[in-house]
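Beneath this line is the structure, given in structure tokens, with notes to follow.
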Amino acid sequence: MSFKIFVINPGSTSTKLALFEDETCLVSENVFHDSSILKTFPHINDQLDYRMDVILDFIRDNHLDLTGIDAIVGRGGSSFSVASGVYEVNDLLVADTRASKGGLNHVSNLGVQLAKKMQAIYGGRLFMVDPTVVDEYQDLARITGCKGVYRRAISHALNQKATARYHAMTHGQVYEESRYIVAHIDGGISVDAHCLGRMIDGNNAAGGEGPFTPTRIGGMAVTDVAEHFPDKTPEELVMMCTEDGGLSSHFGTSNADTIHAMVDKGDPEATRVWKAMIYRVGKEIGAMSCVLEGRVDAIILTGGLMRFADVEEDLRRYCGWIAPICVYPNELEFEAMAGGALAVLRGEIRARTYTGRPVWQGFRD
């Protein structure tokens, strides 16, 4: 018996869509959205109908009949934090994600919402796999300099874990026995330390930590934020962390191809800003090498921006002394999402149930 699975993966600069039959991808598309368009929506949830139209256009343009679809998988967003795994989407998960209970105002919140709208049309079971709020942090990674304020685990867990597992499998290693630094480098950038199968620390990729990106402001001193943005509302500051910052702030567009073409032509500002972004990624990788106490089996680079050769070249120069660097330019998110649903449909694993209780609820002593 074969299974058909439809995959919906909204990202900060794109909507990625695919139809699978078992492990085979029948058709896929990555629809780019410029930040200048996304800025017109006051809130992430306001993009729901816009992104839904993109999905319906994809279905129509590819002459797909999704009647009787077995499963629809939506990218998981900012529900309360969860353990890694495959989850059957329930109404509580959709509501908590829409309400950003995990504290992340990010387009990944649309994944399960879009899947729910698709289910209303075509039926099928609903799943999410390794959402952005997978929390496996070690205790030391949670503490901040403000009592009662703790760091959140926010990352591209879906692609990071899928790529790390693929790397382990193809190199005769076991993910649960290995120590990797994985950098997802695209519209958002997350760099995490994977220790024996757990993501024990990393930058809050949509909260203002770590490198700036095509759409995100990245880490800045609080005093600089207070000085330069005194009139910004909290909502506007959050938008700078997710959509209005980074390359979009510098150039009015988040289109990496457009900006890199400027770099190729020798534009001094574009070159300076682009190089600074990659420099910041290198610094974050260095920080994660400290988390792993220098015992790093591999540095794994993945994500859409790895299509540019200079990104790999610069990061090898900055970080190649730490550990072997392996590059996987294409994300494995489609395969991870479809594969997770397929494992449940085949009865190989049981889907987890979202309960609305965060993974970490404070220190016990």
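For this chain, numbers begin at 1 and follow the sequence in order.
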Kindly say whether [Y] contributes a backbone atom to a donor-acceptor pair with the side chain of [X] at under 3.5 angstrom?
X      : Y      : value
Asn62  : Leu64  : no
His260 : Ala256 : no
Asn30  : Lys16  : no
Thr144 : Val149 : yes
Arg280 : Met277 : no
Asp22  : Thr24  : no
Arg125 : Glu88  : no
Thr302 : Tyr328 : yes
Thr215 : Gly187 : yes
Ser190 : Ser155 : no

How close do [X] and [Y] get, heavy atom to heavy atom, and via which atoms?
X      : Y      : answer
Asp130 : Gly85  : OD1-N, 2.8 Å
Ser81  : Trp360 : OG-N, 4.1 Å
Val54  : Thr15  : CG1-CB, 4.2 Å
Gly340 : Ile349 : O-CD1, 4.3 Å
Ser84  : Arg165 : OG-NH2, 4.2 Å

Starting at [atom1] of [X], measure out to [atom2] of [Y] and round the result to the nearest 0.5 Å.
X      : Y      : atom1 : atom2 : value
Ile143 : Tyr137 : CD1   : OH    : 13.0 Å
Asp57  : Met52  : CG    : CE    : 10.5 Å
Arg198 : Ile200 : CZ    : CD1   : 9.0 Å
Lys4   : Thr67  : NZ    : OG1   : 10.0 Å
His156 : Met199 : NE2   : CE    : 10.0 Å
Leu110 : Leu48  : CG    : CG    : 6.0 Å

Quiz item: In this structure, which one of Gln160, Lys161, Arg179 forms a side-chain hydrogen bond (donor to acceptor under 3.5 Å, both in side chains) with His194?
Solution: Gln160
Quiz prompt | Basic-acidic side-chain contact under 4.0 Å: Arg317, Glu313 | solution = no
Practice problem: Taking only Lys NZ, Arg NE, NH1 and NH2, and the carboxylate oxygens of Asp or Glu, determine whether Arg142 and Asp135 approach each other closer than 4.0 Å. | Solution: yes
Quiz item: Parallel under 30°, tilted from 30 to 60°, perpendicular over 60°: which one fits the rings of Tyr180 and Tyr175?
Solution: parallel
Practice problem: Please work out which of the three classes, parallel, tilted or perpendicular, describes the rings of His171 and His167, given edges at 30° and 60°. | Solution: parallel
State yes or no: do [X] and [Y] share one hydrophobic cluster built from I, L, V, M, F, W and Y residues joined by side-chain heavy-atom distances below 4.5 Å, directly or via other members?
X      : Y      : answer
Ile181 : Tyr166 : no
Leu114 : Phe41  : no
Val107 : Ile37  : no
Ile189 : Ile259 : yes
Met306 : Phe308 : yes

Any non-hydrogen side-chain atom of [X] less than 4.5 Å from a side-chain atom of [Y]?
X      : Y      : value
Phe229 : Leu237 : yes
Leu19  : Phe6   : yes
Asp96  : Tyr354 : yes

Is the number of heavy atoms from other residues, nucleotides or ligands under 6.0 Å of [X] [atom1] greater than 12?
X      : atom1 : value
Arg357 : CZ    : no
Arg346 : CZ    : yes
Tyr279 : OH    : no
Asp53  : CG    : yes

Do [X] and [Y] have side-chain N/O donor and acceptor atoms under 3.5 Å apart?
X      : Y      : answer
Ser78  : His106 : no
Asn109 : Ser100 : yes
Glu284 : Asn203 : no

Quiz item: What's the verdict on side chain to side chain donor-acceptor pair (under 3.5 Å) for Asn105 and Glu235, showing C-alpha distance, side-chain angles and the deciding distance?
Solution: CA-CA 9 Å; Asn105 184 42; Glu235 292 75 17; over 6 Å; no
